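Step one of this worksheet: look at the structure below.
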Amino acid sequence: MIRAFWFLLLLALLSIGAAVVADNPGVVFLEWLGYKVDTSIGVLFAGVLLVSVSLAIIFRVWFIFRSAPRRLGKARRDWRRERGYKALTQGMVAVAAGDAQEARRQARKAENLLAEPPLTMLLSAQAAQLSGDEKAASKFFERMAARKDTKYLGIHGMLNQAIQEGDKDVALELAEQANDLNPKTDNVSKTLFELQVQSGNWEEAEDTVRKAVKDKHLDSDSGRRRRAVILYQRSIEAEGDGKLSDALSFARKANNLIPGFVPAAVRTSRLLQGAGKRRKAASVIEEIWVANPHPQLADVMEELSSGAGAQEKMRNVEKLATYNKDHAESHLAIAKSALAAEMWQEAREHLEAVANSTDIPSARVCRYMAELEEGENSDVVTSREWLKKAAVAEPDSAWNCSHCGQVMADWEPVCNHCESFDSLEWRTPPRVTRLAPIVEDAVETIDIEHESEAEANPSSGADAGDTSKT
Ligand SMILES: [Zn+2]
């Protein structure tokens with residue numbers, strides 16, 4: 001609009017000028033270098049205009065030619081950049097699709113077209129890894145690690161390679177570097193912790209847990225649990241090194257971090273007893289019995305009265321049970337001690353209390369009943385009936401690895417089969433329940449086959465009971 005206005009204004013001025021010139025043609029006389037020009041003012045103006053326009057055109061053409069190389073260079077760079085980014089994108093798509101050949105082709109193309117190593121090196125490394133060329137990938141990662149802007153990516157790539165190769169020492173070192181460079185990264189903190197646990201660097205692992213909680217990668221409950229497990233392990237190692245007071249201090253800290261953590265309570269109590277503090281040792285067990293009664297705690301309570309007779313031990317367990325007197329574990333702990341002390345009446349009373357509270361008594365109750373029937377009444381037939389029931393009943397709880405299912409006699413911070421950290425849980429092993437009918441049939445078959453043999457040798461039932469109890 002504004003342009004049109006100016007154009008019209010210029011046109012109007014020119015028209016007025018032309019009209020003025022036409023009305024007043026005048027005379028122009030010029031003599032220069034022997035030439036004589038005799039003309040009107042209109043022709044002179046036309047000549048000046050022609051020369052000006054010609055000069056403007058020449059200047060414009062000269063300018064275009066002069067800036068041509070620069071413009072061509074820029075156009076070429078833009079074109080290369082565009083194609084480079086396209087190759088980069090296609091390369092990433094190929095990596096995601098698992099097409100190694102295409103990924104490498106596009107990576108090479110992107111490398112040639114783009115002068116941006118941070119972007120292309122990662123793709124090249126991934127493409128090399130995809131085609132199984134770990135050596136080439138490692139070179140790219142090393143180059144990335146040498147640059148400030150890609151250091152973390154390079155170290156992270158090398159770390160993954162070291163983990164895949166099973167080189168734990170190198171992996172640990174790289175994980176530490178990666179964590180120092182980027183401490184806020186959840187994944188690296190997790191990897192660092194796992195490597196520290198696997199290599200037994202418990203103190204460092206505890207620091208990693210503290211940092212993870214501080215950086216909010218780990219909630220405080222999980223952090224406390226992990227620290228308690230680590231302190232438990234540090235207590236074992238300190239005890240192994242003969243540093244008993246450190247061992248006790250670590251165990252106590254673990255016990256205080258998670259109330260109800262049976263292994264820590266057991267360890268603390270045993271170490272206290274070793275230090276001659278029997279009363280304190282007992283109070284640790286009594287305290288946890290309120291929240292989490294567990295057969296191993298009752299065993300420790302019996303150990304605390306070492307040197308005492310079976311009946312005195314039973315009374316100690318009975319006292320412990322008062323801290324949670326209606327719990328099945330309380331009845332079972334008393335029953336077990338009573339059987340050992342041949343206090344049949346007490347044993348029966350507590351076993352019946354458990355058996356009556358459930359439709360199907362557990363394997364442990366059945367075994368204790370078998371022991372009772374044989375011990376109190378020498379009733380081998382009833383005892384064997386209970387053993388048959390024990391074979392098909394819900395199996396006893398045990399320390400089970402929640403990752404691989406491994407059953408372990410004692411709780412340990414790391415599964416001895418799959419090396420998972422803190423994976424052991426006290427629960428019923430997941431097998432057997434479905435096999436129950438088959439087991440029942442098998443028991444029946446054995447029963448028929450060995451009927452006469454069993455009658456001839458009544459001790460066989462008691463033997464079986466002892467074996468299952470262990
Ligand atoms: Zn396991």
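Order of listing sets the numbers, starting from 1, for every ligand and every atom in it. Keep in mind that this is a model prediction, so the values were computed, not measured.
In this structure E237 satisfies the side chain to side chain donor-acceptor pair (under 3.5 Å) test together with W202, Q233, sequence neighbours excluded. Residues forming a side chain to side chain donor-acceptor pair (under 3.5 Å) with E204 (at least two apart in sequence, or on another chain): none.
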Enumerate donor-acceptor pairs with a distance under 3.5 Å from any side-chain N or O in residues 254-275 to protein atoms, sequence neighbours excluded.
from, atom 1, to, atom 2, distance (Å)
N256, ND2, R252, O, 3.3
R267, NH1, S235, OG, 2.8
R267, NH1, E239, OE1, 3.2
R267, NH2, E239, OE1, 2.6
T268, OG1, A251, O, 3.2
T268, OG1, A264, O, 2.6
S269, OG, A281, O, 3.0
R270, NE, E303, OE1, 3.0
R270, NH2, E303, OE2, 2.8
Q273, NE2, E303, O, 3.2

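Around the Zn ion (ligand 1), protein N, O or S atoms at less than 2.8 Å number 4.
No more than 12 heavy atoms of other residues, nucleotides or ligands sit less than 6.0 Å from atom CD of E173.
Electrostatic pairing of R348 and E373 counts as a salt bridge here, judged by a charged N lying under 4.0 Å from a carboxylate O.
Remark: the S131 side chain and the Q101 side chain contain no N/O donor-acceptor pair separated by less than 3.5 Å.
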